[in-house]
Amino acid sequence: MSSDPSAAVQRDASGRLRHLITLEGLSRAEITTLLDLAQSYVRPAGAFPARDRGLAGHTVANLFFEPSTRTRVSFELAAQRLGAEVVNLDMQSSSRVKGETVLDTIYTLQAMHADILVMRDAEPGLPAAIAQLVAPHVAILNAGEAHLSHPTQGLLDALTVRQHKGDFGALRVLIAGDIAHSRVARSAWQAFRTLGVAEMRIAAPKDLLPGKEEFAGASRYTDIDRAIEGVDVVMALRIQRERMGSARIPDEAGYHRTFGITPERLRQAARDALVMHPGPMNRDVEIASIVADGPQSVIQQQVANGVAVRMAVLTTIARNLRGEGSR
Ligand code: CP
């Protein structure tokens with residue numbers, strides 16, 4: 001049983017996923033089933049993308065109250081390729097700027113028969129709160145919640161690692177950078193932990209490490225040169241300036257020198273280590289440009305997998321809304 005209240009809120013009375021708010025509480029079998037379905041939507045670069053009609057008759061609304069490129073566009077493409085109608089709310093020209101609440105915006109879309117609402121917001125707990133208030137035929141998909149949760153990012157990270165490494169049981173995974181403010185780190189950790197990664201390491205400058213009550217079981221480092229030794233996966237994270245007080249913002253050159261993933265540091269990882277980054281990157285700050293574009297980088301593959309994973313999540317949630325999915 002998970003201690004995260006969102007884990008219970010996202011399930012229907014039969015235990016099926018009605019919403020997707022967090023990876024906390026998902027079983028290894030549930031995550032593996034989502035990854036298998038996502039893999040079925042992956043196509044080689046240059047091929048026509050996968051399409052089916054699994055969302056025909058559904059209406060997906062994208063509500064991004066924080067900026068996004070990858071997540072918003074990939075949810076839009078995923079929904080279109082599954083045959084849904086898609087609405088992208090432009091927050092700058094929506095009635096939110098006239099003072100309408102998020103909930104009233106959601107009720108307005110619900111009244112227009114939007115039934116899958118994809119939301120990103122800076123307020124912790126908002127997706128779970130909204131999920132408890134929408135109509136029974138409406139699902140909430142969390143596309144980024146404060147520093148807490150970004151479940152589809154965690155799934156696409158796991159899919160990318162699985163495509164290269166297969167079994168998770170022998171892997172040493174390092175997540176490095178601004179862990180304290182990162183929803184990507186939390187969701188990736190939840191996915192990797194559930195999938196049975198052998199060793200999880202988190203590394204950050206002292207001020208950017210989370211409290212000890214989080215990331216239980218992961219080894220914690222403030223020295224990147226020690227943290228990176230021998231790992232099979234290196235995931236670099238952006239400094240989340242938008243979530244920290246100005247006093248804590250490190251200077252970029254100094255950060256790169258003391259904590260950036262450079263070619264010299266990468267040589268201390270396993271020879272075939274994967275280099276990952278969820279994007280957007282600050283080149284030559286948390287990761288050297290030459291590493292981000294180098295032969296070990298799977299960053300563009302992460303982006304491609306984002307569409308496949310969101311197709312899998314949309315298909316699964318739509319089936320469950322229709323009462324067709326299995327527990
Ligand atoms: N990784 C990620 O969430 O990127 P965007 O902010 O561009 O959606």
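Fair warning: this is a prediction, and the values are worked out from it, not measured in the lab. Atoms within each ligand, like the ligands themselves, are counted from 1 in listed order.
Seen from the ring of Trp189, Arg186 does not count as a face-on cation partner, given the 6.0 Å and 45° thresholds.
Salt-bridge check for Glu229 with Arg201: failed, with every basic side-chain N at 4.0 Å or more from each acidic carboxylate O.
Heavy atoms of Arg120 found under 4.0 angstrom from ligand 1 belong exclusively to the side chain.
Shown here for Pro205 and Gly177, the closest heavy-atom pair between the two residues is CD-O, 4.3 Å.
In the vicinity of Gln153, heavy-atom distances shorter than 4.0 Å reach the ligand 1 atoms 1 (N), 2 (C). Within ligand 1, the atoms closer than 4.0 Å to a non-hydrogen atom of Thr71 are 2 (C), 3 (O), 4 (O), 5 (P), 8 (O), numbered from 1 in the order shown. Set against the non-hydrogen atoms of Thr69, the atoms of ligand 1 under 4.0 Å away are 5 (P), 7 (O), 8 (O).
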Check against side chain to side chain contact (heavy atoms under 4.5 Å, CB included), Ile202 and Tyr221
CA-CA 6 Å; Ile202 57 170; Tyr221 294 83; over 6 Å; no
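More than 12 heavy atoms of other residues, nucleotides or ligands shown are found within 6.0 angstrom of CZ on Arg43. Glu264 CD: more than 12 foreign heavy atoms inside a 6.0 Å radius.
Nearest protein heavy-atom neighbour of atom 4 (O) of ligand 1: Arg70 NE, 3.1 Å.
Heavy-atom separations between Gly279 and ligand 1 include at least one value shorter than 4.0 Å.
Of the polar atoms of Ser68, at least one N or O is found under 3.5 Å from an N or O of ligand 1, judged by distance alone.
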